[in-house]
Number of protein chains: 2
Amino acid sequence: MFSERQQQIVETAIKLIADKGIQNLTIKNIAFEIGISEPALYRHFGSKLEILKAVITNFQIKMKPALEKLKESVNSLNKIESFILEHLKIINLNPDFAKVIFSEANFQNEEDLILKMNNMMKQSHKILETIVQSGQKKDEIRSDINSLSIVRIIIGSMRLLVTQWSMSGMIFNLEAEGKQLSDDIMKLIIAE
Amino acid sequence: MFSERQQQIVETAIKLIADKGIQNLTIKNIAFEIGISEPALYRHFGSKLEILKAVITNFQIKMKPALEKLKESVNSLNKIESFILEHLKIINLNPDFAKVIFSEANFQNEEDLILKMNNMMKQSHKILETIVQSGQKKDEIRSDINSLSIVRIIIGSMRLLVTQWSMSGMIFNLEAEGKQLSDDIMKLIIAE
DNA sequence: ATTATCTTTGTTAGTGTTCACTAACCAGTG
DNA sequence: CACTGGTTAGTGAACACTAACAAAGATAAT
C-alpha cells in the first residue's frame with residue numbers, strides 16, 4: 001500500500017510531531033530530516049493533508065493487533081484486561097504515537113482527519129461496551145453500574161495514564177503502571 | 001488585573017479557539033472579531049504568547065470556585081462528588097473552555113504554556129489524591145485499591161466525558177451525564 | 001546490440017499567501 | 001500638551017506548493 005519512501009515519510013512525520021508538536025510539522029522539516037528536497041516529497045504525497053491522513057492510517061494499522069488479541073480470551077474480565085494491556089504495549093513500543101493520538105484537538109478544522117479519528121475512537125469504544133455488557137449478562141461484571149460509565153472509566157483512565165506518561169517524558173514504566181491500573185479496575189468492577 | 005479590552009480579547013480568543021482550532025487563531029482574526037485593527041490589539045497585549053498566557057490564567061480563575069466548594073463537605077465521598085460536579089458545572093457554563101483545556105498538546109513547544117498547564121493539572125490531581133487517601137483512612141473509601149488508581153479513574157473518566165461532550169457538539173446534558181458517572185464511581189469506591 | 005523514448009525520482013529556483021509584528025501618524029480626553 | 005487607544009500601510013519570515021529541468025533505469029524499436 002505505502003511505498004518504502006512513503007513509509008519513511010510517515011514515520012518521520014510522526015517523529016517530528018512527537019518532538020516539536022504538530023504546528024511545527026512542515027514539509028521542509030520532513031524533507032530535511034530524510035535528506036531530500038522539498039519538491040521530492042511531493043512526488044510521494046500530493047499534499048500535507050495526505051501525509052497526515054497516512055499518519056492516522058498507519059496508527060490504525062499498528063493498533064489493530066490489540067483488538068485481535070481480545071478474541072483469545074473467553075472471560076470478559078480477561079478481555080478487558082487484555083484490551084488495556086495490549087493497547088499500552090503497542091504504545092510503549094511506539095512512544096511517538098502517544099503525542100500524536102491524543103491530540104484530536106490538533107486536527108480541529110481538518111474535517112477529514114477529525115472524522116477518521118472519531119471513527120477509530122468510537123469503534124474501540126463500541127467493542128469495549130459490548131464486552132462489558134456481555135460480562136454483566138454473564139454475571140462476571142457488576143450489574144448495578146451503568147455499562148457506559150464502566151467504559152468511560154476504563155478508556156478515560158487509560159488515556160490519562162498515557163497522557164501522563166507522555167508528558168512526564170516517559171519516566172515511568174507504562175506497562176507496569178498499566179498492570180496496576182488494570183488490576184485495580186478489575187477489583188472494582190468484578191461481580192461478587 | 002485585566003482591563004475591559006483585555007478581557008474582551010481573551011474571551012474572543014477562547015471563542016475562536018473553540019470554533020476553529022488553535023492553529024487558526026491569528027491576531028487578525030481576533031482583531032476582526034472585536035472590530036478593531038490589528039495594531040490596536042498590540043496596545044493591550046505585547047504579543048500573541050501573552051494572549052495565550054492570559055487565556056490559561058483566565059481559565060484558572062474561573063475554575064477556582066470548583067475547588068473552594070470542596071471545603072464545605074466533610075465526608076470524602078461528598079467531596080469527590082462535589083469535585084466532579086462543580087468542575088462540570090463550570091465547563092457547562094463556559095463551553096468554549098472544553099476545547100481549549102484538553103489541548104495541552106496544542107501548547108507543545110511553548111515552554112511557558114506547558115508549564116502553566118501542567119502545574120494546574122498537578123495541583124488538582126494532588127488535591128484529589130489527598131481527599132482519596134484521607135477517605136481511605138477514615139474507612140469511607142475502599143482501601144484495597146491504590147489511591148493513585150482511583151485518582152486516575154476519576155479524573156480520566158471526567159476528562160473523557162468532557163471530550164466526548166465537546167466533540168459531539170454538546171448534544172447531551174453534561175451535568176446529567178456527569179451525575180450518572182459520579183454516582184457510579186461512588187458505588188465502585190465506597191467502603192462496604 | 002544499439003539506440004530512442006518513457007517513467008521515476010530527484011534537483012534549483014521560484015510563486016503567492018499568510019503570519020506576527022512595527023513605523024508613523026492622529027483624534028479625543030484630562 | 002501629553003497620554004491613551006486607535007488608524008493605514010508596510011516589513012521580513014515562513015509556509016504549502018509549483019515550474020522547469022536533469023539523471024538514471026526500464027522498455028521498446030530498429
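Just so we're on the same page: letters track the sequence lines, and every chain starts at 1. We use all heavy atoms of the structure for the numbers below, so side chains are in, but hydrogens, waters and symmetry mates are not.
Salt bridge B:Lys187/B:Asp183: absent, no basic N to carboxylate O contact under 4.0 Å. At a threshold of 4.0 Å, the pair B:Lys89-B:Glu86 counts as salt-bridged, since one of the basic side-chain nitrogens sits closer than that to a carboxylate oxygen. We find that B:Lys179 and B:Glu81 are joined by a salt bridge, their nearest charged nitrogen and carboxylate oxygen being less than 4.0 Å apart.
No hydrogens or angles considered: a donor-acceptor pair under 3.5 Å links the side chains of A:Gln7 and A:Glu11. Counted by atom type alone, B:Gln136 and B:Ser143 present zero donor-acceptor pairs between their side chains at under 3.5 Å. Side chain to side chain, A:Thr26 and A:Lys48 fail the donor-acceptor criterion of an N or O pair below 3.5 Å.
The list of ring-ring contact (aromatic ring centres under 6.0 Å, His included) pairs with a residue in residues 62-82 of chain A, not counting sequence neighbours, is empty. Within the structure, every pair that satisfies the side-chain hydrogen bond (donor to acceptor under 3.5 Å, both in side chains) test and touches residues 166-177 of chain A, not counting sequence neighbours, is listed here: A:Asn92-A:Glu175, A:Glu177-B:Arg152. Screening residues 25-59 of chain B for ring-ring contact (aromatic ring centres under 6.0 Å, His included) gives B:Phe59-B:Phe97 as the qualifying pairs, with residues at least two apart or on separate chains. Applying the ring-ring contact (aromatic ring centres under 6.0 Å, His included) test to pairs two or more places apart or on separate chains, those with a residue in residues 62-84 of chain A are A:Phe83-A:His87.
Scanning residues 41-48 of chain A for heavy-atom distances under 4.0 Å to DNA chain C yields A:Arg43, A:His44. For the contact set between residues 6-16 of chain B and DNA chain D, defined by any heavy atom under 4.0 Å, there are no members. Contacts between residues 30-38 of chain A and DNA chain C, defined by a heavy-atom separation under 4.0 Å, are made by A:Ile36, A:Ser37.
Hydrophobic clustering (ILVMFWY, side-chain heavy atoms < 4.5 Å, transitive): B:Ile190 and B:Ile150 are in one cluster.
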Taking only nitrogen or oxygen atoms into account, show me every contact under 3.5 Å that the protein makes with nucleotides 6-8 of chain C, one pair per line with its distance.
none

Any N/O pairs under 3.5 Å between the protein and nucleotides 28-30 of chain C? List them or say none.
none

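The 5' end of DNA chain D is approached more closely, in terms of each residue's nearest nucleotide, by A:Asn29 than by the other of A:Pro39 and A:Asn29.
For B:His125, there are no ring-ring contact (aromatic ring centres under 6.0 Å, His included) partners two or more places apart in sequence or in a different chain. Residues satisfying the salt bridge (Lys or Arg N to Asp or Glu O under 4.0 Å) criterion with B:Asp139, sequence neighbours excluded, are absent altogether.
In this structure, NZ of A:Lys28 is placed 14 Å from P of C:dT11, rounded to the nearest angstrom. Distance B:Asn24 CG to C:dA20 P: 10 Å, rounded to the nearest Å.
Across all strands shown, A:Leu49 has no heavy atoms under 4.0 Å from either base or sugar-phosphate atoms.
Counting heavy atoms from C-beta outward, B:Ile34 and B:Arg5 have side chains that approach closer than 4.5 Å.
Under the 3.5 Å distance criterion, the side-chain polar atoms of A:Asn94 are left unmatched by any main-chain donor or acceptor of A:Asp96.
Annotation for A:Met63 and A:Ile90: closest pair SD-CG2, 3.8 Å, computed over non-hydrogen atoms.
For DNA chain D, the outermost nucleotides in 5' to 3' order that have an atom under 4.0 Å from a heavy atom of chain A are D:dC15 to D:dC21.
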Q) Which is it for A:Glu33 and A:Lys15 under the salt bridge (Lys or Arg N to Asp or Glu O under 4.0 Å) test, yes or no, and what are the steps along the way? A) CA-CA 10 Å; A:Glu33 190 77 13; A:Lys15 191 188 148 236; 2.5 Å; yes
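In this structure, OG in A:Ser157 is found 9.5 Å from CG in B:Leu160, a value given to the nearest 0.5 Å.
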